[in-house]
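Note sheet for the following structure.
Treat the numbers as computed from the prediction; the structure is a model and nothing was measured.
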Protein chains: 2
Amino acid sequence: MSEVETPSAANRSPINTSRSVIIVAGGVGQRMGASIPKQFLPLAGRPLLMHTITQFVRYDATLFIVVALPAAHIDRWQRLCDEYRFATPHRIVAGGDSRAASVRNALSRLPDTDFIAVHDGVRPLTPVDVIARCFATAARYGSAVPVVPVTDSLRKQTADDSYDIPRDGIVTVQTPQVFRADRLRDAYARTADNTAAFTDDASVVQTAGYDITLTEGSRENIKITTPADLPVADALLYLRNR
Amino acid sequence: MSEVETPSAANRSPINTSRSVIIVAGGVGQRMGASIPKQFLPLAGRPLLMHTITQFVRYDATLFIVVALPAAHIDRWQRLCDEYRFATPHRIVAGGDSRAASVRNALSRLPDTDFIAVHDGVRPLTPVDVIARCFATAARYGSAVPVVPVTDSLRKQTADDSYDIPRDGIVTVQTPQVFRADRLRDAYARTADNTAAFTDDASVVQTAGYDITLTEGSRENIKITTPADLPVADALLYLRNR
């Protein structure tokens, strides 16, 4: 099974395929030290990935949503959707061996679309205004990559030492990263062999020769990569809903 | 006024001068877009800097504490201490034009001490176990610099473009950074002219020729540099106090 249309699609607004989002939820959670894949970890009472999807629906209820999951986790995700009565329509595709391979699989399953966002499944708190700004910036400039300034010092570890890296002008890169669909597709078509080296889509698109436009991200747009991140996410959600 | 002993020192345990901390609270808050200096911004009902100091007292109530504040803010800080009945004894020194100059001023006002921690005043949530680990590591190796791995992609902005920075081996550097006192003093004595270029003390000490030992920091040890950081800090404090 590599592609699934959730059955509740008929209950929602007609989908406008001009904008799409690929949510990459391919990690198997090695870094979390948990037996539960990190995208399924409970956050404020439901799996993390449901929060992630919900933020995009809050931005635009007609957005076309594709979720790339490891093939081994698709059945489990569908059971979770039933259990939690999670009715937001989304297409599920099997992830690949790398992040880039997952995006490539998802691209092959997208309808014709004008703008494509690619988002980390483990960023469940992305503010709606960040999503809106990224789509608006991409509509104007062809791409949008949300960033926040680095405020800590940076250091590079070597085998037996470490050295300071000047942080001037260095930003941390978040998602969603939004691109004109033709550019994102072209970039992935032209970087087939070495995509494992890319940690984000901006790098793939830029390597293909396209300009990248940076826009303002948010400190609240945290990525859940260790168990220590979960309480922070929980508390932020609690404070938002208070 | 460049040095002040808070009057309540007599109420506390005898101060053990073998370990000291310099808390650098020199920022005037330009980046915050706030009229309140960021170290005085309210967090869970009291000025941020009081949380910062309190974490060190929780680690060791006999620690010798020096706070470097801009000269223009010292009166205001003392009024805040009165208003909030903040009775933790600490010595106040005037900060300099740069972070390094503030540390240098503070060093000149410290008693004889074996180990000196230097800490950002705007890190109000440093877990006590991180402080303890840093002092213990420095006691063994001569220095301790808390770091956490970078999990977001990194990008460097140039005048009209930006490019991806491989994040392999890159860590973000936190505080407290703890050093054998003789090494920290020697490093500052030998780098008098160019200290404005250093964003942390590890760089100053390493440039003077001493080894730097890295130790594990914490994701919760956030630095408050923009208003957007305050909700995250509030969320963490809420969790801790729950």
Side-chain angles (χ1 to χ4, degrees), chain A residues 31 120 122 127 145 147-159 161-175 177 197-203 206-207 211-214 217-226 228-229 231-240 242, chain B residues 31 120 122 145 147-159 161-175 177 197-203 206-207 211-214 217-232 234-240 242:
Chain A
R31 269 199 287 194
D120 297 325
V122 290
V145 174
V147 299
V148 294
V150 166
T151 54
D152 290 324
S153 296
L154 294 175
R155 193 161 266 271
K156 170 98 175 175
Q157 286 186 285
T158 58
D161 203 357
S162 66
Y163 58 90
D164 188 53
I165 297 177
R167 72 178 173 212
D168 287 351
I170 298 187
V171 291
T172 57
V173 178
Q174 304 181 334
T175 69
Q177 300 182 357
F198 295 115
T199 61
D200 72 350
D201 301 276
S203 306
Q206 190 173 34
T207 299
D211 284 346
I212 293 301
T213 300
L214 305 186
S218 164
R219 298 260 171 225
E220 296 186 38
N221 187 15
I222 61 172
K223 189 174 175 182
I224 307 293
T225 48
T226 76
D229 298 327
V232 182
D234 253 324
L236 277 167
L237 265 177
Y238 171 81
L239 292 173
R240 274 188 198 176
R242 189 168 58 176
Chain B
R31 269 198 288 194
D120 298 324
V122 290
V145 173
V147 300
V148 294
V150 167
T151 54
D152 290 322
S153 296
L154 294 176
R155 192 161 269 270
K156 170 98 174 175
Q157 286 186 288
T158 57
D161 203 358
S162 67
Y163 58 89
D164 188 55
I165 297 177
R167 70 179 173 211
D168 287 351
I170 297 186
V171 291
T172 57
V173 178
Q174 304 180 333
T175 68
Q177 300 183 356
F198 295 115
T199 61
D200 72 350
D201 300 277
S203 306
Q206 190 173 34
T207 300
D211 284 346
I212 294 300
T213 299
L214 306 186
S218 164
R219 299 256 170 233
E220 297 185 33
N221 187 14
I222 60 171
K223 190 173 174 182
I224 307 294
T225 49
T226 76
D229 297 329
L230 282 172
V232 180
D234 258 323
L236 283 164
L237 266 177
Y238 167 81
L239 277 177
R240 285 186 191 174
R242 189 165 60 179

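Heavy atoms closer than 4.5 Å to chain A are found in the side chain of B:Leu214, but not in its backbone. For B:Val147, no part sits under 4.5 Å from any heavy atom of chain A, backbone or side chain. For A:Ala202, the parts lying under 4.5 angstrom from a heavy atom of chain B are both the backbone and the side chain. With a threshold of 4.5 angstrom between heavy atoms, B:Arg219 approaches chain A through side-chain atoms but not through N, CA, C or O.
In terms of heavy-atom pairs under 4.5 Å with chain A, the best-connected choice from B:Ser218, B:Ser162, B:Pro166 is B:Ser162. Between chain A and the residues B:Val171, B:Val145, B:Ile170, B:Asp234, the most heavy-atom pairs under 4.5 angstrom are made by B:Val171. With respect to chain A, the highest number of heavy-atom pairs below 4.5 Å among B:Val232, B:Thr158, B:Leu237, B:Thr213 belongs to B:Val232.
B:Leu239 and A:Pro231 get closest at one heavy-atom pair: CD1-O, 2.8 Å. Here the closest heavy-atom approach between residue B:Gln206 and residue A:Asp164 is recorded as OE1-N, 4.4 Å.
Side-chain contact between B:Thr172 and A:Leu154 is present, with heavy atoms from C-beta onward closer than 4.5 Å.
One finds the CD1 atom of B:Ile212 at 9.0 Å from the CG atom of A:Asp161 (value rounded to the nearest 0.5 Å).
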